Asks: 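I'd like to ask you about the structure that follows.
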Amino acid sequence: MAFIDYYQTLGIAKTASEKDIKAAYRKLARKYHPDLNPNDAGAHKKFQQLNEANEVLSDPEKRKKYDKYGENWQHGEEYERAQQQARQQQGSQQYAYGGQGGGFENFGAGNFGSDDFSDFFQSMFGQRGGGGGRQAKYRGQDYNAELQLNLKDASETHKQTLTVNGKNIRITIPAGIENGQTIKIAGHGGPGTNGGPAGDLYIKFSVADDPRFKRKGSDLYNTIKLNLYTAVLGGEITVDTLTGKVKVKVKPETQNGTKVKLKGKGLPVYKKEGQFGDLYITYEIEIPVNLTDQQRKLFEDLAKS
């Protein structure tokens, strides 16, 4: 029965902190998780090895005993007795391997069954009731999905059904959702192992550009073409908004590039009931073309005056 180097299994140094151990385990467990490698026996075995290494190194007591004996695990009791005799003879209180005495038979197996761990682990740490103990529980894999919306969809709170791994999940999409925004649906990821909790579902939203509006947060921007006569004399025009058309008064002698704010005609503010952004329209004055002789003369007269 060969010695297993748990530090090597997790790819960390023997001086690794608890944080280092946790980070290394999570990274590798995610890579070799059975949910992501359903038909890969090698990945499943690697996943079990990672769980075993984490079970030992993340437990201060198990790690202490593991570090104490190292590759001398098969002769732990004999080694401990020899150290005690040496200490008695020399009157020394120091231990060659540190820690306090005790044979391997005193190492409890915790809440893990024999099917989950190697012979090395069970020989070193023991097992409960001939392998009848509970197996380790592990959280399920997180899932990621992308949902595409148009700007109109993003402006309204609505329900939508997604199919994730063959399961239909009905979610509520809040008005004002941003392009690239991600929301978490707890418990709708992969199933846990040995009764562990399910993972979460993360949905990233992709909100398509609208040909009429440019979005900045909850505000919308649009450029409106304005004929020269209305710009000079003033009048009334009809403007598109996300919720329909509205009439806007144009002041006489409006200049090209003039910006007007339509308060509350933007998008709803995300998760703030009753609050809305604004719609900003910029006037682009059109110069008339294909003038008749009479129209041209009128402009000439205006220029002379």
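All of these numbers come straight from a predicted model, not from anything done at the bench.
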Asks: Taking 4.0 angstrom as the limit, do D67 and R63 come out as a salt bridge?
Replies: yes
Asks: Is it the case that over 12 heavy atoms from other parts of the model lie below 6.0 angstrom from the CD atom of E178?
Replies: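 Counting neighbours around CD of E178, more than 12 heavy atoms of other residues, nucleotides or ligands fall under 6.0 Å, so yes.
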Asks: Distance-only, no hydrogens or angles: does the D219 side chain make a donor-acceptor pair with backbone N or O of G277 under 3.5 Å?
Replies: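 Not confirmed, D219 side chain does not pair with G277 backbone.
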Asks: Work out which heavy atom in L57 is nearest to a heavy atom in I12; give both atom names and the distance.
Replies: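 Heavy-atom minimum between the residues: CD1-CD1, 4.2 Å.
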Asks: Take atom CD of Q160 as the centre, draw a 6.0 Å sphere, and report whether it contains more than 12 heavy atoms from other residues, nucleotides or ligands.
Replies: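 Above 12, so yes.
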Asks: Around R26, counting heavy atoms of other residues, nucleotides and ligands shown, do more than 12 lie under 6.0 Å from its CZ?
Replies: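 Not more than 12 within 6.0 Å, no.
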Asks: Please assess T223 against I281 for the test side chain to side chain contact (heavy atoms under 4.5 Å, CB included), listing each intermediate value before the final yes or no.
Replies: CA-CA 5 Å; T223 299; I281 59 175; over 6 Å; no
Asks: With side chains defined as the heavy atoms from C-beta onward, is the minimum distance between Y25 and L10 less than 4.5 Å?
Replies: yes
Asks: For N39, I'd like to know if atom CG has over 12 heavy atoms of other residues, nucleotides or ligands within 6.0 Å.
Replies: no
Asks: Got a donor-acceptor contact below 3.5 angstrom from the R215 side chain to the G217 backbone?
Replies: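 Confirmed, R215 side chain pairs with G217 backbone.
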Asks: Would a 4.5 Å heavy-atom cut-off, applied to side chains only, mark F299 and P288 as touching?
Replies: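 The answer is yes, as the side chains (C-beta and beyond) meet within the 4.5 Å cut-off.
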Asks: Look at K152 together with E156 and state whether they make a salt bridge at an N to O cut-off of under 4.0 Å.
Replies: yes
Asks: Applying side chain to side chain contact (heavy atoms under 4.5 Å, CB included), run through Q181 and K204 and close with a yes or a no.
Replies: CA-CA 6 Å; Q181 185 173 342; K204 182 178 180 179; over 6 Å; no
Asks: Say whether L36 and L28 are linked into one hydrophobic cluster, either directly or through other cluster members, by side-chain heavy-atom distances under 4.5 angstrom.
Replies: no
Asks: Find out whether N51 and Y32 are in side-chain contact, i.e. whether some heavy atom of one side chain is under 4.5 Å from a heavy atom of the other.
Replies: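 A side-chain contact under 4.5 Å is absent here.
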Asks: Check whether V260 and F213 end up in the same hydrophobic cluster, where Ile, Leu, Val, Met, Phe, Trp and Tyr are linked by side-chain heavy atoms less than 4.5 Å apart.
Replies: yes
Asks: What is the minimum heavy-atom distance between D200 and A186, and which atoms define it?
Replies: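 Looking at all heavy atoms of both residues, the shortest contact is OD1-CA, 3.2 Å.
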Asks: Locate the shortest heavy-atom distance separating I169 from H188; write the atom from each residue and the value.
Replies: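 Heavy-atom minimum between the residues: CD1-ND1, 3.7 Å.
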Asks: Go through the steps to decide whether H33 and F47 satisfy the test side chain to side chain contact (heavy atoms under 4.5 Å, CB included), and finish with yes or no.
Replies: CA-CA 6 Å; H33 198 284; F47 185 68; 3.9 Å; yes
Asks: Mind checking whether Y283 and V246 sit in one hydrophobic cluster, side chains of I, L, V, M, F, W, Y counted as touching below 4.5 Å?
Replies: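 Yes.
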Asks: Answer whether the closest heavy-atom distance between the side chains of L226 and I237 falls below 4.5 Å.
Replies: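 Contact flag for L226/I237 side chains = yes.
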Asks: Hey, is the main chain of E52 close enough, under 3.5 Å, to the side chain of E55 for a donor-acceptor pair?
Replies: no
Asks: Tell me, with the steps shown, if Q49 and Y6 meet side chain to side chain donor-acceptor pair (under 3.5 Å).
Replies: CA-CA 8 Å; Q49 291 171 343; Y6 291 134; over 6 Å; no
Asks: State, to 0.1 Å, how close D153 and H158 come at their nearest heavy-atom pair, and which atoms those are.
Replies: O-CE1, 3.3 Å
Asks: What residue among I185, I171, N144 forms side-chain contact (heavy atoms from CB on, under 4.5 Å) with L201?
Replies: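 Testing each of I185, I171, N144 against L201, the sole residue satisfying side-chain contact (heavy atoms from CB on, under 4.5 Å) is I185.
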Asks: Please test T163 against N168 for side chain to side chain donor-acceptor pair (under 3.5 Å), starting from the C-alpha separation and ending with a verdict.
Replies: CA-CA 4 Å; T163 301; N168 291 331; 2.8 Å; yes
Asks: How long is the gap from CG on N256 to CG on L228, to the nearest 0.5 Å?
Replies: 10.5 Å
Asks: If we ignore hydrogens and angles and just use 3.5 Å, is the side chain of Q295 paired with the main-chain N or O of T292 as donor and acceptor?
Replies: yes
Asks: Salt-bridge test for D293 and K297: reply yes if a basic N is under 4.0 Å from a carboxylate O, no otherwise.
Replies: no
Asks: So does S17 get a backbone contact from the side chain of D20, meaning a donor-acceptor N/O pair under 3.5 Å?
Replies: yes
Asks: For the residue pair Y66 and Y7, does the interplanar ring angle fall in the parallel (under 30°), tilted (30 to 60°) or perpendicular (over 60°) class?
Replies: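 Y66 and Y7: tilted rings.
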Asks: Is any side-chain heavy atom of D278 closer than 4.5 Å to a side-chain heavy atom of L262?
Replies: no
Asks: Assess whether atom CD of E146 is packed by more than 12 heavy atoms of other residues, nucleotides or ligands within 6.0 Å.
Replies: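 Yes, because the 6.0 Å sphere around CD of E146 holds more than 12 heavy atoms from other groups.
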Asks: Can you tell me if E253 has over 12 outside heavy atoms packed within less than 6.0 Å of its CD?
Replies: no
Asks: Are the side chain of T258 and the backbone of T254 linked by a donor-acceptor contact shorter than 3.5 Å?
Replies: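 Absent.
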Asks: Using side chain to side chain contact (heavy atoms under 4.5 Å, CB included), reason through K65 and V56 one step at a time and then give a plain yes or no.
Replies: CA-CA 9 Å; K65 294 178 173 74; V56 173; over 6 Å; no
Asks: Is it the case that K159 and T172 place a side-chain donor and acceptor less than 3.5 Å from each other?
Replies: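 Yes - a donor-acceptor pair under 3.5 Å links their side chains.
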Asks: Indicate, with yes or no, if F276 and L151 share a hydrophobic cluster defined by side-chain heavy-atom contacts under 4.5 Å among Ile, Leu, Val, Met, Phe, Trp and Tyr.
Replies: no
Asks: What do you reckon, is CG of D209 surrounded by more than 12 foreign heavy atoms closer than 6.0 Å?
Replies: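 No - once you tally the heavy atoms of other residues, nucleotides and ligands closer than 6.0 Å, there are 12 at most.
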Asks: Which heavy atom of T9 sits nearest to which heavy atom of K46, and what is that distance?
Replies: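 That closest heavy-atom pairing would be O-NZ, 3.8 Å.
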Asks: Using side-chain contact (heavy atoms from CB on, under 4.5 Å) as the criterion, point out the one residue from I177, L149, L267 that pairs with S155.
Replies: L267
Asks: Would you say V232 and L291 are hydrophobically clustered, going by side-chain heavy atoms of ILVMFWY under 4.5 Å?
Replies: yes
Asks: Kindly give the heavy-atom pair with the smallest separation between P174 and K271, and that separation in Å.
Replies: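 That closest heavy-atom pairing would be CG-CE, 4.1 Å.
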Asks: Rounded to the nearest 0.5 Å, what separation is found between the CD atom of Q141 and the CG atom of N37?
Replies: 9.0 Å
